[in-house]
Number of protein chains: 4
Amino acid sequence: MAVTTRERVKRAAVKLFADKGFHGTGIRDLAQEAKLSSASLYHYMGTKEELLAEIMRDSLGALLESAKQAVADVTDPRQRLSRLVALHVTTHARQPKETRVVDHEIGVLSPKARRTVVGLRDEYERLWSDAIADGVREGVFDTAEPTITRIALLEMCNGVARWYSPKGTLGLDALAGHYVRLAMRALGVSDGRHAVS
Amino acid sequence: MAVTTRERVKRAAVKLFADKGFHGTGIRDLAQEAKLSSASLYHYMGTKEELLAEIMRDSLGALLESAKQAVADVTDPRQRLSRLVALHVTTHARQPKETRVVDHEIGVLSPKARRTVVGLRDEYERLWSDAIADGVREGVFDTAEPTITRIALLEMCNGVARWYSPKGTLGLDALAGHYVRLAMRALGVSDGRHAVS
Amino acid sequence: MAVTTRERVKRAAVKLFADKGFHGTGIRDLAQEAKLSSASLYHYMGTKEELLAEIMRDSLGALLESAKQAVADVTDPRQRLSRLVALHVTTHARQPKETRVVDHEIGVLSPKARRTVVGLRDEYERLWSDAIADGVREGVFDTAEPTITRIALLEMCNGVARWYSPKGTLGLDALAGHYVRLAMRALGVSDGRHAVS
Amino acid sequence: MAVTTRERVKRAAVKLFADKGFHGTGIRDLAQEAKLSSASLYHYMGTKEELLAEIMRDSLGALLESAKQAVADVTDPRQRLSRLVALHVTTHARQPKETRVVDHEIGVLSPKARRTVVGLRDEYERLWSDAIADGVREGVFDTAEPTITRIALLEMCNGVARWYSPKGTLGLDALAGHYVRLAMRALGVSDGRHAVS
DNA sequence: GATGAATGAGAGTTCATTCAT
DNA sequence: TATGAATGAACTCTCATTCAT
C-alpha cells in the first residue's frame, strides 16, 4: 500500500524533530528527508509549527484512545495500572521518535496549540491518577504521595523511548513486564499479584 | 559577595537553554538576559556551543564529585544507592535548569565535546551500576534486569527537575525520602531496611 | 448574458491591481478572486505582466476611441476640450479601477509593452494638446504654458478615480460639468461660454 | 557635513520606493542602493514597512509644518491659498520622490501606521479647506463645490512630482506662479488679484 | 478545460560571530 | 572592558510559473 506524500512529510518531521529538536531542524532538512523541494513541502503542511502540533496531537490522541480501551471494564486497579504501564512502555518502545517529540517539544507550541496538547496529556494522565487513587482507596496500593508517585512512574516509563532498541535481547513483552513489576513494587504490591490480563 | 560577569552569563545561559532550548535561544536573548551587548558576551565565553558544553561539564562534574563523596566508605549497597538517589533527587530539585540542560541538549554538542560529557555521565552512572550490582550479588536487591532497572530509576529521578517546586508543601528531605523508598521497593527491599545515613 | 471566464479573470485582475498594486497582488490572490485554481488561470492569460499590459491597452484604447469620436467634427476648441474633460472625468468615475491601474502601474511594464501603452497615452493626450493649442491660436484660451496647463488639467481629472463614489449626492453629469468649468476657467474662459454639446 | 548611514538608508528607500514602488523594491535592492549588506540594513531600520511609514511621516510632517507657517497671520484667503499652492508645488518639484511615495503607497501601511499618516494628511488638507471656505464666505472665491474643488486642485498640484525637472526651462518660481494662477482662476479670481506675498 | 503537484528563485528577516574603536 | 557596526549564511515562507493527468 502506497504511503501518501503527506505521510512521508510527517514521518520525516517526526524523525528529525526527535533527533535534532524542533528548532534544530530546518525546513530544508525536512525537505531533504522527505525527498521534496522545500517549496513543495508547503503543499503538505501549514507552517512548521502546525506540523509539529499535528504530530503531537496524532501521537497523544492515539495513545489516549488505546489507553481508554485498555482499561475499559477493568475493575481491579492493579490490573488497570499494569495495563497502562504496559501500553505506555510498548508505545514508547515502538514509537520512540513520536513520543520523544511529544515529551520534549511542548514548550515550542503556541499557547493555543499547547492548550490542546496539554489537554490531551492531562486526560491521559488522569487514567493513571484514577487507577492509583482507586488502588489506594481499596488498600491494594501503598503510597504516601500518589501524585508524585504517578509522575515518577510516568517519567520512568517515558525513558524507554530514549534507549530501547528492538535489536537488543529484550522483547517487547519482557520489557513491558519488567516495567510493570517495577511499578507494582513501587506501589507496594508483592510480586505475582498483578497479572496484566 | 559580588557575582562575576562571567557567572552572570552562565546563569543567563542556563536559564534560557533550560526554558527555550539551545537552538531556541539566540545570542541576543542571552545578551539581554545577562544585561550585556551581544558583542560583549564574547569576552566571557567562546562560542555558544562551548558555553553549553561548559555548563554541562560543570553541572555533571559537580554531581559526580558529590556522588563519589556520598558513597565513599559506604559498604552496604542499599545505603549507597539510597544516598545516590537522594543526592540525585535533591540536586535535580535544587538546580532544575542545569539538570534539564544536561538531560536535553547532549545531542547538540560536537562529537568531541559530547565525548567528554558522556564520559562524565558514564562515570556517574557507574556508581549506580556498581551499587546495584553489589546489592544483587549480596542478595539484598532483587531484579532480573539490573541495567534496565538502573536506567528506569535514573529517568524516574530525572523527572524531578521538570516539576518540583520549592514553593510546594513537600520539603527536599521528604521528596528525597519518597524517591528513595520508590527505588528500594523497585529493587525488592522492604520498607524500613534502607536508611540513608 | 454570460460573462466569459476570460473576462472574469480580467476583472479580478483590475480589481486587485487597483487595490493592492501589481506587485502587491499575487497569482493566488488573482485565482481566488476569479474563482479558479492558480494553474487554471494560465489558460486565460499569458504571464501576469501580459495581463497587466492587456488591461492597460484595453482601457486606454477604449478611452482613446471614445475621445476621437467625441471631438470628431467639432471645431470650437472650447467645445472640444470640454468634451474631452467630460469624457475623461466620467470614464474615471465609472471605471476608477481600470484608470487607476493605467495611471499607477506603467512603470512595471517591460520596455516593449510600455512603448505601446505610452504610445496610446500620447495619442490620447495629443487630442488635449491640439484642442488647447487651437484655442490659444484662436484666442479663446489664455495660458502662458499650454503644455503644463494640459498636464495640470489631466492630473486634476485623473484624481476623480481616487475619490468619486456613485453613492454620493453628485451625479455624473454634475461632476463632469464641475470639472469642465474648472478647466475652462483655468484657461481663461468666462463661465457660460463653453457648453459641452 | 557627513551624512549618517541611517540617512543614506532612508534616501535609498525614498528613491527606490518612488521608482519601483514599495512592493517592487526588495530588501536587497535597498541594501545595494545604500551600499550595505542586507543584514546591516537592519541596524538602521525596523521592518521595511516601518521604514516606509517613517518616510511618509517625515515628509508629510515637514510639509504640514511649512504650510502652517506659510499661512500663519495671513488673513486674505486668496493669499493663504496662493501660498499653500506655491508651497505644495515647490515641495513636489523639489522632493518629487518623497511626495510620490506619500501619494502612492498609503495603501500599503498597516492600519495603525496608516491612521497616523492619514491624520497628518487630513490636518494638512484642512488648511486648504479652511482657506477655500473662508474665501467662499467672504465672496472672493466662487465655487459650487468647495470640497471637490479642493481635491481637484490638490491632485492637479500633486502631478508636479511626476513630471517636473529642474533641468527644464521653467524655474521653481515660474512653476509655482503658474499653478497659483490656475488655482485662482479655477476659484473665479481674476488674474492679478492674488499676489503671493 | 481544469487542477494538484512541483519547483527554482527570491521574499523579508534573523542568525552567530568578528572587529575597530 | 565594552559595544556599535558589520556581514555571509541561514532562516521560514511565498513567488510566478510549468506540466502531467
Side-chain angles (χ1 to χ4, degrees), chain A residues 4-6 8-9 22-31 34-52, chain B residues 4-6 8-9 13 22-31 34-52, chain C residues 4-6 8-9 13 22-31 34-52, chain D residues 4-6 8-9 13 22-32 34-52:
Chain A
T4 64
T5 305
R6 178 172 177 72
R8 229 174 55 232
V9 169
F22 177 80
H23 284 306
T25 301
I27 283 289
R28 279 160 184 81
D29 299 327
L30 230 47
K35 281 167 188 161
L36 247 51
S37 74
S38 62
S40 296
L41 265 190
Y42 285 86
H43 279 285
Y44 302 100
M45 50 177 268
T47 63
K48 195 179 128 186
E49 203 213 298
E50 285 167 7
L51 180 59
L52 172 64
Chain B
T4 64
T5 305
R6 179 171 177 73
R8 229 173 54 233
V9 169
F22 177 78
H23 283 306
T25 300
I27 279 289
R28 280 158 186 78
D29 300 326
L30 233 45
K35 282 165 188 163
L36 247 53
S37 74
S38 60
S40 297
L41 265 189
Y42 284 86
H43 285 283
Y44 302 97
M45 51 176 268
T47 64
K48 195 179 134 188
E49 202 213 299
E50 284 165 8
L51 179 59
L52 172 65
Chain C
T4 63
T5 305
R6 177 170 178 72
R8 229 174 54 233
V9 169
F22 177 79
H23 283 306
T25 301
I27 280 289
R28 280 158 186 79
D29 300 326
L30 232 45
K35 282 165 188 163
L36 247 55
S37 74
S38 60
S40 297
L41 265 189
Y42 284 86
H43 285 283
Y44 301 98
M45 50 175 268
T47 65
K48 194 179 132 187
E49 203 213 299
E50 284 165 8
L51 178 59
L52 172 65
Chain D
T4 63
T5 305
R6 179 172 175 70
R8 229 173 54 232
V9 169
F22 177 80
H23 283 308
T25 301
I27 281 290
R28 283 158 184 83
D29 299 328
L30 230 46
Q32 187 173 32
K35 282 166 188 159
L36 246 51
S37 73
S38 61
S40 296
L41 265 190
Y42 285 86
H43 280 285
Y44 302 98
M45 51 176 268
T47 63
K48 194 180 131 187
E49 202 213 298
E50 284 166 7
L51 179 59
L52 172 64

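Protein chains get the first letters and strands the later ones, always in sequence-line order, with residue 1 at the start of each.
Residue whose closest nucleotide on DNA chain E sits further toward the 5' end, between Phe22(B) and Lys48(D): Lys48(D). Ranked by how close their nearest DNA chain F nucleotide is to the 5' end, Ser38(B) and Glu49(C) are led by Ser38(B). Where Gly26(D) and Thr25(B) each meet DNA chain E at their nearest nucleotide, the meeting point lying more 5' is that of Gly26(D). Residues Ser37(D) and Ile27(C) both approach DNA chain F. Their nearest nucleotides, taken by heavy-atom distance, put Ser37(D) toward the 5′ side.
With rounding to the nearest 0.5 angstrom, the CG atom of Leu41(D) is 11.5 Å from the CD atom of Gln32(D).
A donor N or O paired with an acceptor N or O is not found under 3.5 Å between the base of dG10(E) and the side-chain atoms of Arg28(D).
To the nearest angstrom, C1' of dT13(E) lies 14 Å from CG of Leu51(D). Rounded to whole Å, the distance from CD on Glu50(D) to P on dG12(E) is 14 Å. The distance from atom NZ of Lys35(B) to atom C1' of dT3(F) is 18 Å, rounded to the nearest whole Å. Atom P of nucleotide dG12(E) and atom CG of Leu52(D) are separated by 13 Å, given to the nearest angstrom. Taking atom CG on Leu36(D) and atom P on dA6(F), their separation rounds to 6 Å, with Å as the unit. The distance between atom NE2 of His23(B) and atom P of dC15(E), rounded to the nearest whole Å, is 14 Å. The CG atom of Leu30(D) sits 9 Å away from the P atom of dG12(E) (whole-angstrom rounding).
Panel note: side chain Lys48(A), backbone Thr25(A); a donor-acceptor pair is recorded below 3.5 Å.
The stretch residues 39-47 of chain D comes close to DNA chain F through Ala39(D), Ser40(D), His43(D), Tyr44(D), each having a heavy atom under 4.0 Å from the strand.
Side-chain contact between Thr5(A) and His43(A): absent, with no pair of heavy atoms (C-beta onward) separated by less than 4.5 Å. A heavy-atom distance below 4.5 Å is not found between the side chains of His23(C) and Phe22(D). A heavy-atom distance below 4.5 Å is found between the side chains of Ile27(A) and Tyr42(A). Side chains of Val9(B) and Leu30(B) form no contact here, defined as non-hydrogen atoms less than 4.5 Å apart.
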Original post:
DNA chain F in dot-bracket, Watson-Crick or G-U pairs under 3.5 Å, [ ] crossing, | other strand?
Top reply: .||||||||||||||||||||
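Qualifying salt bridge (charged side-chain N to carboxylate O under 4.0 Å, His left out) partners for Arg6(C), counting only residues two or more places apart in sequence or in other chains: Glu54(C).
When all heavy atoms of Ser37(C) and Ala31(C) are compared, the closest pair comes out as C-CB, 3.8 Å. Nearest heavy-atom pair across Arg8(A) and Lys35(A) is NH2-O, 3.7 Å.
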